[in-house]
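Naming: A, B, ... by sequence-line order, numbering from 1 per chain.
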Amino acid sequence: MINGVKYFELVAEPVTREILPGVFIKGWGYNGSIPGPTIQVYPGDYVNIRVYNKLPEETSIHWHGLDIPVTMDGFPDVEPTPAIKPGYYFDYHFKIVNPPGTHMYHTHHFAVKQEMMGLGGGFIILDPKESKKDIQRDYFIMLQEFHVKGLKIGEVKPGVYEIDPMNHDFNFFTMNGRCFPYTTPLLVKECENVRIRLGNISEIAHPIHIHGHQFSITASDGNTIPTKNRMLKNTILVASGETWDIEFFTKNPGIWPFHCHIPHHMSNNMQKQTGGMFTTIIYK
Amino acid sequence: MINGVKYFELVAEPVTREILPGVFIKGWGYNGSIPGPTIQVYPGDYVNIRVYNKLPEETSIHWHGLDIPVTMDGFPDVEPTPAIKPGYYFDYHFKIVNPPGTHMYHTHHFAVKQEMMGLGGGFIILDPKESKKDIQRDYFIMLQEFHVKGLKIGEVKPGVYEIDPMNHDFNFFTMNGRCFPYTTPLLVKECENVRIRLGNISEIAHPIHIHGHQFSITASDGNTIPTKNRMLKNTILVASGETWDIEFFTKNPGIWPFHCHIPHHMSNNMQKQTGGMFTTIIYK
Amino acid sequence: MINGVKYFELVAEPVTREILPGVFIKGWGYNGSIPGPTIQVYPGDYVNIRVYNKLPEETSIHWHGLDIPVTMDGFPDVEPTPAIKPGYYFDYHFKIVNPPGTHMYHTHHFAVKQEMMGLGGGFIILDPKESKKDIQRDYFIMLQEFHVKGLKIGEVKPGVYEIDPMNHDFNFFTMNGRCFPYTTPLLVKECENVRIRLGNISEIAHPIHIHGHQFSITASDGNTIPTKNRMLKNTILVASGETWDIEFFTKNPGIWPFHCHIPHHMSNNMQKQTGGMFTTIIYK
């Protein structure tokens with residue numbers, strides 16, 4: 001924070017990501033991670049995000065869902081916003097005019113390739129009026145899928161693997177860059193209000209299902225849904241480009257699956273045991 | 001019903017299902033059927049469902065959408081709930097604490113294979129306050145798809161065929177285990193309130209379209225939507241893991257298509273004539 | 001308009017459509033276009049639509065979303081409505097009983113092939129009470145995808161190409177029959193209310209994303225959503241058979257992308273530069 005401006009740095013770069021113990025994929029991410037770090041701001045903030053390009057080709061960042069000037073929107077093919085050459089950086093600077101909500105950032109240059117290499121992350125506008133009395137747990141999960149090369153169907157073994165970003169026959173499905181059982185569990189206690197923010201910038205729409213609970217759908221693409229209009233569900237379809245916030249109250253102790261319901265996607269490379277886009281909600 | 005507990009029996013077993021006249025697929029189902037029988041209970045019921053495993057491998061049943069104890073939730077990979085060995089049974093017993101609504105049951109063991117073999121069915125919590133004055137017709141349709149082996153594209157001929165549960169190039173699409181024109185029509189009379197409950201546990205999201213009418217979306221994943229919030233539509237996307245209840249009033253006599261709108265899915269193995277995930281609403 | 005009946009003519013015929021400069025696809029359409037012309041009527045209108053079949057096989061038209069008599073519904077496989085032989089015509093005539101909203105028309109004969117050849121268009125019931133004070137811009141966009149034969153992945157070059165309607169590996173994605181950068185931009189001025197009507201009769205559900213703005217979802221399948229129930233989003237999933245109307249207020253000048261968010265679909269045949277189901281909103 002300098003002179004009322006919040007500074008962030010994102011380095012777009014090749015990232016070797018461990019998606020399962022000993023299984024590494026060679027993708028592209030930000031600050032050493034796929035997905036990149038989750039950016040958190042408040043309404044009214046002035047932000048400056050310096051994006052370094054350490055990729056072997058031009059890139060840009062689109063601040064997906066934010067109502068910002070077109071010069072900062074990050075789609076150089078059609079907008080007056082730069083493509084950042086390898087070795088260079090650009091300062092995206094804008095004021096946060098959207099209300100509190102869940103958004104995303106991702107490359108919008110050579111998107112057919114770069115998005116599928118992993119270049120995305122969460123962008124959350126926090127609510128300054130919200131306190132721990134309202135929401136006791138607040139999670140963000142980015143959904144991604146990859147075609148990892150060099151493994152036969154059913155095969156998962158330690159190694160470092162290339163991604164084929166143009167191949168649509170996906171074999172590994174991640175939550176925050178990891179496959180089950182290597183995903184991070186969502187820890188809760190009894191009698192808490194839990195929010196999970198879901199985001200997707202990949203190809204496939206993922207229907208995310210909770211066990212043992214119903215959840216309320218509280219925000220769509222970063223826009224709060226009025227309480228009287230909220231739908232109660234246990235499965236929410238998250239398409240590419242969408243974010244959905246869901247909330248539930250913890251009144252059923254246990255260890256509960258939370259996962260994409262497509263059978264293929266809760267497996268690592270079609271193995272029989274549970275894997276992929278799957279995590280657990282664990283009551284402590 | 002014994003001592004206030006409702007007893008059910010489900011036998012998980014290989015099932016040879018006639019999906020079209022003379023065309024049989026060798027899948028897995030319950031009690032000789034794909035999908036299994038629709039279980040009907042009331043809020044507050046105590047139920048005991050004995051599940052026999054006559055499959056050649058371990059299985060389990062997940063009571064999808066029900067807020068029950070984790071010991072009964074049926075996902076042995078992560079929960080304290082058993083995998084049932086071949087030749088054994090397990091008694092799932094729980095109280096129905098959810099309100100009236102449409103849910104499902106399905107295997108949650110080796111799901112990438114077992115769900116795609118056909119192991120699922122409907123689980124409906126009936127409303128004790130609802131009478132024939134409110135709803136005159138009440139249907140449940142489970143949407144499923146299969147990759148049937150041994151037929152060239154465009155070919156449909158009598159025989160008994162294997163399923164390949166790992167192949168995502170689906171060629172047969174069913175409503176309650178049958179393809180059109182072998183699906184069961186939905187019979188109605190003029191001036192009736194008709195409810196159709198749609199459920200999906202397969203891979204693909206199916207947009208189900210009605211002809212000649214609009215419908216109101218009355219429940220999402222077993223949770224009633226308040227009247228003032230109900231959306232009017234003629235096509236509803238049903239993703240894997242979702243149930244949607246729709247209702248319409250019969251004021252346009254005829255024989256009306258009700259089907260998945262994806263062209264490929266209203267065909268049997270890409271044949272030109274109408275088939276697949278398609279049925280008719282017939283006014284008597 | 002003769003004796004209070006509005007007359008329209010649609011000619012179903014082979015159409016060579018220029019989807020990119022110099023790139024022509026040999027599909028099927030109406031009146032020389034893919035999609036066909038957008039039909040506009042008012043509630044209460046009596047319409048007569050003469051459909052000539054100049055295709056090499058039988059066809060029909062289904063008036064998707066309209067509550068009309070079954071004899072006019074256009075699905076000859078199951079309804080008492082004719083298949084139109086090559087060289088013949090049929091007069092579809094009916095009264096518009098639906099309220100104002102966005103619907104579609106499309107073939108419903110040999111649909112697995114004919115719909116994927118391009119045979120569809122928009123059918124809009126205008127609101128006689130609506131004026132330029134309410135909505136200053138009103139656009140309709142039909143989303144379609146095609147498998148164009150004879151081009152290697154990444155290759156786009158001038159020529160006249162066949163479509164394979166049975167191949168689900170789509171390589172060209174269109175808005176109103178054109179791929180970006182050949183799509184028609186949506187022109188707006190500052191401080192306008194803009195409506196975009198989206199329709200889809202193809203295979204894939206397309207999540208359409210706007211940059212720089214949020215939109216309100218104002219109608220579902222031709223049914224107006226009451227103001228108090230409208231969801232604010234920036235990405236809307238449009239499945240096959242669905243129409244969605246969205247509205248936004250132009251308060252962020254620039255040239256703004258409006259596109260399917262699936263990376264593969266904003267490319268022409270997997271080329272790196274932006275293409276496909278993509279257009280721009282241009283402030284004048």
Side-chain angles (χ1 to χ4, degrees), chain A residues 153-154 168-170 180-181 185 204-217 225-226 228-239 248-249 251-276 278-283, chain B residues 57-58 62-81 97-99 101 103-104 106-117 165-168 200-205 217 219-226 228-229 231 237-244:
Chain A
I153 288 180
H168 306 300
D169 188 11
F170 303 108
F180 186 82
I204 302 177
H206 296 288
I208 303 297
H209 175 59
I210 196 171
H211 285 228
H213 307 73
Q214 313 299 312
F215 51 68
S216 178
I217 301 176
I225 299 170
K228 64 180 175 44
N229 288 349
R230 293 179 180 178
M231 202 178 269
L232 213 56
K233 285 179 95 340
N234 55 60
T235 306
I236 175 82
L237 187 63
V238 186
F248 62 96
F249 184 69
K251 60 178 177 185
N252 195 0
I255 173 169
W256 293 103
F258 184 71
H259 63 95
C260 178
H261 202 275
I262 295 175
H264 177 194
H265 299 187
M266 47 175 150
S267 156
N268 297 321
N269 198 20
M270 301 294 286
Q271 285 194 322
K272 287 173 89 178
Q273 60 268 39
T274 302
F278 186 104
T279 189
T280 48
I281 296 162
I282 300 179
Y283 281 66
Chain B
E57 63 187 39
E58 289 183 351
H62 168 53
W63 313 96
H64 182 113
L66 300 188
D67 300 345
I68 56 176
V70 73
T71 49
M72 294 293 140
D73 195 54
F75 196 162
D77 269 15
V78 301
E79 297 171 342
T81 189
V97 299
N98 293 64
H103 299 278
M104 300 183 283
H106 61 82
T107 177
H108 221 312
H109 200 56
F110 299 163
V112 68
K113 172 188 171 188
Q114 290 192 4
E115 286 187 33
M116 298 317 294
M117 288 295 284
M166 309 303 245
N167 189 320
H168 305 300
N200 182 0
I201 59 155
S202 298
E203 296 269 343
I204 302 177
I217 301 176
S220 52
D221 300 341
N223 300 289
T224 299
I225 298 170
K228 65 180 175 43
N229 288 349
M231 202 177 270
L237 187 63
V238 186
S240 181
E242 287 188 323
T243 74
W244 291 99

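Taking CD1 of A:Ile255 as the reference point, atom CG of B:Asp73 lies at 11.5 Å (rounded to 0.5 Å). If you take CG on A:Asn229 and CD1 on B:Ile225, they are separated by 11.5 Å, rounding to the nearest 0.5 Å. A:Ile262 contributes atom CD1, which lies 10.0 Å from atom CE of B:Met116 (distance to the nearest 0.5 angstrom). For the atom pair NE2 of A:His264 and CD of B:Glu203, the computed distance is 7.0 Å after rounding to the nearest 0.5 Å. Note that CD of B:Glu242 is 7.5 Å distant from CD1 of A:Ile236, once rounded to the nearest 0.5 Å.
Of all the listed residues (A:His206, A:His211, A:Met270), the one sharing the greatest number of non-hydrogen pairs under 4.5 Å with chain B is A:His211. Annotation: maximal heavy-atom pairing with chain B below 4.5 Å, among A:His213, A:His265, A:Gln273, occurs at A:His213. Considering only heavy-atom pairs separated by less than 4.5 Å from chain A, the leading option among B:Gly222, B:Ala111, B:Gly65 is B:Gly65. Taking chain B as the reference chain and counting heavy-atom pairs below 4.5 Å, the highest number among A:Gly212, A:Gly275, A:Gly254 is found for A:Gly212.
Nearest heavy-atom pair across A:Gln214 and B:Asn98 is NE2-ND2, 3.3 Å. Contact detail for B:Phe75 and A:Pro257: the closest heavy-atom pair is CD1-CG, 3.3 Å. The minimum heavy-atom distance between B:Ser202 and A:Pro263, with the atom names listed, is O-CD, 3.5 Å.
Neither the backbone nor the side chain of A:Lys251 comes within contact range of chain B; no heavy atoms are under 4.5 Å apart. Of the two parts of A:Thr280, only the side chain, counted from C-beta on, holds a non-hydrogen atom closer than 4.5 Å to a non-hydrogen atom of chain B. Using a 4.5 Å cut-off between heavy atoms, A:Met266 touches chain B through its side chain atoms alone. Contacts of A:His209 with chain B are made by side-chain atoms alone, with heavy-atom separations under 4.5 Å and no backbone atom involved. In this structure, chain A has no heavy atom under 4.5 Å from any part of B:Pro226. Looking at A:Asn252, only its side chain comes within 4.5 Å of chain B, counting heavy atoms on both sides. Only the backbone of A:Pro253 comes within less than 4.5 Å of a heavy atom of chain B; no side-chain atom from C-beta onward does. Proximity to chain A is absent for every atom of B:Ile204, based on heavy atoms less than 4.5 angstrom apart.
Distance alone, capped at 3.5 Å, places no donor-acceptor pair between the B:Asn223 side chain and the A:Met231 backbone. One N or O on the side chain of A:Thr235 and one on the backbone of B:Gly241 form a donor-acceptor pair closer than 3.5 Å.
Residues satisfying the ring-ring contact (aromatic ring centres under 6.0 Å, His included) criterion with B:His106, sequence neighbours excluded, are A:His261, B:His62, B:His64, B:His108.
A 4.5 Å side-chain heavy-atom check between B:Val78 and A:Phe278 finds at least one atom pair inside the cut-off.
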